[in-house]
Amino acid sequence: MAVMLGAAGTGLSGAVTAIAMFGFVIGVIGLLRGRVRWAHLRSRTAAAATLAGSLAAFTLAAVAAPAPPTPATTASPAAASRAPARSRPAASASAGTSTAASPSATNPPQPSHVPAAARVIPAAAGDTVNAAGAVLPNAARTPGAVNPAVTQATIRSTICVAGWTATVRPPSSVTTRLKIQQLASGYAYKGDTTTGDYEEDHLISLELGGSPAATANLWPEPYATAEGARVKDRVENTLHTLVCNHTITLATAQHAIATNWWIAYRTYVTAATSPTTPAPPRVPAPAPAPAPVVPGNGATALCNDGTYSYAAHHRGACSHHGGVRVFYT
């Protein structure tokens, strides 16, 4: 019965252990009493042999026992099912295949308060510099956004009112915090991350109806360029004047500065203030031919056939001489 229970519990090693235990008990009893009739041990010699056999069986059971489970084999079924999935990238890498790096490997973890437009952005997504050296915003990060309260119908009560932009301008603490986050994420000019070198600029300025706090309308614009923040301020002021004078529409101004503020500057500022080509000198009209000298014979007209007429009135003069060439009076 002991052998059967051991085999059912732990297999072969359990059965051998049960036999060894049974033999050990019989051997000890036989050595103490000299013999064990019910176990057919007639002397201490037989008991000693039985005890030695039981010790040998213990050794055999220990050798045959399975190895203790490792932490990987004791993991829960759910963890075991997930383990192969986690190990696949390493296996494929060892086989020579390339694997994409995880976002956490290429981009540092960022706090939850970072605006969505500034999260997980590659360092290469910085400012754009055109051939003229003008620094433009990254179009993917700062496409521009407008203030829905400012429309063509409301410009007289909003942007064209002196001091109106101060009522919607966000506090510097908000724009400075966003500037720091954008610079840290790679949105910078030539790797410069010094906050004092930048103006957190509205791409569509507030005076043109740009959104005050949308991250899609704010970008770190550098000062340290010939065609940078201070130059852009000039085109903003010019467009604002044109809109409030109804020279151009609000939508035209917003589209121009959001698409490419440098082209807008060249169109509305540089071209408007450049000297015009001087007009060619005016050629005076030829002087009229002097009137013929009136002959002293008192003629009133010269006829086409070269004769003179002495008619008192223009009507009928030179009627038979081919008409009048010149009237003298």
Side-chain angles (χ1 to χ4, degrees), residues 100-130 132-150 159 164-237 239-240 253-265:
S102 65
S104 61
T106 57
N107 299 281
Q110 302 182 33
S112 59
H113 66 271
V114 176
R119 293 182 188 171
V120 195
I121 300 296
D127 293 330
T128 301
V129 182
N130 67 9
V135 181
L136 307 177
N138 185 285
R141 300 187 63 168
T142 313
V146 298
N147 184 348
V150 180
I159 62 173
W164 178 84
T165 57
T167 66
V168 296
R169 187 176 301 278
S172 60
S173 59
V174 173
T175 55
T176 300
R177 181 168 63 249
L178 178 59
K179 182 199 303 187
I180 294 171
Q181 294 166 356
Q182 289 174 329
L183 293 175
S185 70
Y187 202 170
Y189 174 66
K190 295 183 178 180
D192 178 16
T193 58
T194 304
T195 57
D197 293 343
Y198 296 85
E199 170 190 340
E200 188 66 12
D201 182 54
H202 292 90
L203 176 58
I204 303 176
S205 61
L206 300 182
E207 61 184 327
L208 293 175
S211 174
T215 56
N217 196 43
L218 284 161
W219 66 294
E221 185 179 20
Y223 289 115
T225 59
E227 312 295 350
R230 294 179 177 87
V231 176
K232 182 173 179 289
D233 290 342
R234 294 179 60 189
V235 68
E236 292 172 353
N237 296 335
L239 289 174
H240 175 261
Q254 291 175 338
H255 177 76
I257 202 164
T259 302
N260 190 312
W261 74 260
W262 172 250
I263 293 178
Y265 173 77

How many angstroms lie between [atom1] in [X] and [atom2] in [Y], if you round to the nearest 0.5 Å?
X: Leu203; Y: Trp261; atom1: CG; atom2: CH2; answer: 10.5 Å
X: Leu208; Y: His255; atom1: CG; atom2: NE2; answer: 14.0 Å
X: Leu239; Y: Arg234; atom1: CG; atom2: CZ; answer: 12.5 Å

With sequence neighbours left out, the residues meeting side chain to side chain contact (heavy atoms under 4.5 Å, CB included) with Ala213 are none
Non-neighbouring partners of Thr195 that pass side chain to side chain contact (heavy atoms under 4.5 Å, CB included), sequence neighbours left out: Lys179, Ile180, Leu183
Given 3.5 Å as the limit, does a donor-acceptor pair link the side chain of [X] with the main chain of [Y], or not?
X: Asp197; Y: Thr193; answer: no
X: Tyr187; Y: Asn138; answer: yes
X: Glu221; Y: Val135; answer: no
X: Asn217; Y: Ile204; answer: yes

Minimal non-hydrogen separation, [X] against [Y], with atom names:
X: Ala264; Y: Ala256; value: CB-O, 3.9 Å
X: Ser211; Y: Ala214; value: OG-CB, 3.2 Å
X: Gly196; Y: Tyr223; value: O-CD1, 3.9 Å
X: Arg141; Y: Ser185; value: NH2-OG, 3.0 Å
X: Pro212; Y: His202; value: O-NE2, 2.6 Å
X: His240; Y: Ile159; value: NE2-O, 2.8 Å

With a 3.5 Å cut-off and sequence neighbours excluded, list the donor-acceptor pairs that the side chains of residues 165-175 form with protein atoms.
from, atom 1, to, atom 2, distance (Å)
Thr167, OG1, Trp164, O, 2.5
Thr175, OG1, Ser172, O, 3.1

Salt bridge (Lys or Arg N to Asp or Glu O under 4.0 Å): pairs with one or both residues in residues 201-214, sequence neighbours excluded: Asp201-Lys232
For Ser205, what residues pass the side-chain hydrogen bond (donor to acceptor under 3.5 Å, both in side chains) criterion, not counting sequence neighbours? none
Report the residues that fulfil side-chain hydrogen bond (donor to acceptor under 3.5 Å, both in side chains) with Asp192, sequence neighbours left out, ordered by chain and then residue number. Thr194
